[in-house]
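To start, the structure under review is shown below, and the notes come after it.
Source: prediction; values computed, not measured.
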Amino acid sequence: MARKFFVGGNYKMNPATKSAADGLVKILNEAQVKGDVDIVVAPPALYLLPIRDALKTQHVQIAAQNCYVKDSGAFTGEISPAQLVDAGIPYVILGHSERRTIFHESSEFIAQKTRAALDKGLTIILCVGETLEEREAGKTTAVVQAQLEPVVKLLKESEWNKIVIAYEPVWAIGTGKVATSQQAQDTQAELRAWLGKAVSKKVADETRIIYGGSVTAASCRELASQPDVDGFLVGGASLKPEFVDICNAQA
């Protein structure tokens with residue numbers, strides 16, 4: 001079935017500055033987007049509201065890079081799902097490899113955050129992915145499935161329309177390395193087949209699975225041509241004019 005193309009831009013502490021945020025807004029406000037595509041940008045929390053207010057285009061939404069599992073309480077430095085909804089931020093990224101590896105968030109904890117975010121009506125960009133060592137050991141499928149299993153346990157079938165899965169091989173994030181289009185297709189096809197067994201065929205057919213990992217204008221069209229690659233989660237390139245080319249990869 002045809003799934004609506006989805007492109008997210010996720011830019012982080014470096015080179016995230018006010019100047020970079022202003023540049024991103026200019027690019028997006030002037031962008032000529034072709035075709036039917038959902039576009040989401042995920043700046044650091046400091047810039048969420050300024051970017052939201054400065055965007056003059058209706059085809060770009062805002063995502064937070066993370067949220068906490070609780071709606072309220074004494075959790076200094078965290079942002080709750082309720083606060084994101086109150087601020088008019090409709091999307092949140094959860095389970096990014098940096099949260100898993102640097103901050104040691106378990107798949108169970110990420111599932112709890114997913115549950116909390118869904119309960120407030122947020123749409124989740126849910127990240128999964130393997131390290132280079134795991135890929136070389138032939139464990140990619142097992143690792144990705146294990147990361148998703150706790151989420152499957154906490155979600156109803158009807159709630160999967162609020163989930164976008166982002167397959168992000170850890171070895172390709174910020175390294176300049178990109179999975180080949182065949183590697184991305186094979187992994188995401190296996191993931192979709194597993195969703196069909198773990199949840200339902202309907203969920204497998206309709207859930208968008210996007211690829212993240214040093215995506216550029218040069219690599220996006222071949223990746224986008226794959227039947228199980230439904231879009232991208234873009235890193236540093238989301239701050240450059242080529243982000244528009246990536247958004248138009250299917251056009």
Side-chain angles (χ1 to χ4, degrees), residues 3-67 79 81 83-94 96-99 117 122-127 164 166 168 172-178 208 210-225 229-251:
R3 292 175 290 271
K4 190 176 181 181
F5 205 61
F6 185 100
V7 178
N10 177 38
Y11 72 98
K12 306 160 195 176
M13 288 174 63
N14 183 15
T17 62
K18 185 179 184 304
S19 176
D22 292 343
L24 173 64
V25 168
K26 185 175 188 296
I27 290 170
L28 294 172
N29 282 341
E30 296 176 355
Q32 296 295 315
V33 178
K34 305 169 186 176
D36 193 15
V37 53
D38 286 332
I39 303 172
V40 174
V41 291
L46 186 64
Y47 305 112
L48 281 169
L49 298 187
I51 289 179
R52 181 205 64 185
D53 294 341
L55 283 172
K56 305 303 182 185
T57 175
Q58 297 299 312
H59 60 249
V60 181
Q61 296 292 323
I62 306 294
Q65 293 182 355
N66 189 37
C67 71
I79 299 176
Q83 287 173 320
L84 292 178
V85 172
D86 181 60
I89 308 298
Y91 287 85
V92 63
I93 297 174
L94 295 176
H96 194 279
S97 64
E98 290 146 16
R99 301 301 310 180
L122 292 166
T123 297
I124 292 89
I125 302 169
L126 181 61
C127 300
V164 176
E168 286 199 307
I173 299 174
T175 63
K177 295 181 180 180
V178 182
R208 289 179 288 185
I210 63 178
Y211 170 77
S214 300
V215 177
T216 66
S219 63
C220 67
R221 288 195 177 275
E222 184 178 350
L223 285 161
S225 70
V229 176
D230 302 318
F232 306 110
L233 188 57
V234 184
S238 64
L239 289 172
K240 302 175 182 178
E242 69 179 298
F243 184 56
V244 180
D245 296 327
I246 297 170
C247 292
N248 288 328
Q250 271 199 338

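In terms of heavy atoms, V33 sits closest to H59 at CG2-NE2, 3.3 Å. Pairing each heavy atom of L239 with each of A20, the nearest pair is CD2-O, 3.8 Å. Contact record, A117 with V92: CB-CG1, 4.1 Å, taken as the closest heavy-atom pair. Across all non-hydrogen atoms, the minimal contact from F6 to V37 is N-CG2, 4.3 Å. The shortest non-hydrogen separation linking D245 to A217 is CB-CB, 4.0 Å. D36 and K4 get closest at one heavy-atom pair: OD1-CE, 2.8 Å.
How far CZ of R99 is from SG of C127: 11.5 Å, rounded to the nearest 0.5 Å. How far CG of N66 is from CD1 of I93: 9.5 Å, rounded to the nearest 0.5 Å. With rounding to the nearest 0.5 Å, the separation of OH in Y211 from CG in D230 is 15.0 Å. Note that the CD atom of Q61 and the CG atom of D38 stand 8.0 Å from one another [nearest 0.5 Å]. A distance of 9.0 Å separates CD1 in I27 from CZ in F243, rounded to the nearest 0.5 Å. Atoms CG and CD1, on L233 and I210 in that order, are 5.0 Å from each other to the nearest 0.5 Å.
Using a 4.5 Å heavy-atom threshold, the side chains of Y11 and P44 count as touching. By the 4.5 Å heavy-atom criterion applied to side chains, L49 and I89 are counted as neighbours.
At most 12 non-hydrogen atoms from other residues, nucleotides or ligands lie less than 6.0 angstrom from NZ of K34. Within 6.0 Å of atom CD in Q83, more than 12 heavy atoms from other residues, nucleotides or ligands are found, so the atom counts as buried in its surroundings.
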Chi angles and distances behind the side chain to side chain contact (heavy atoms under 4.5 Å, CB included) call for I62, L55: CA-CA 10 Å; I62 306 294; L55 283 172; 3.4 Å; yes

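A donor-acceptor contact shorter than 3.5 Å links the side chain of S214 to the backbone of A172. Checked by atom type and distance alone, the side chain of R221 pairs as donor or acceptor with a backbone atom of N248 at under 3.5 Å. The main-chain N or O of A63 is never found under 3.5 Å from a side-chain atom of N10 such that the two would form a donor-acceptor pair.
A donor atom on one side chain and an acceptor atom on the other are found under 3.5 Å apart for H96 and E168.
Using a cut-off of 4.0 Å between Lys/Arg side-chain N and Asp/Glu carboxylate O, D22 and K18 are scored as salt-bridged.
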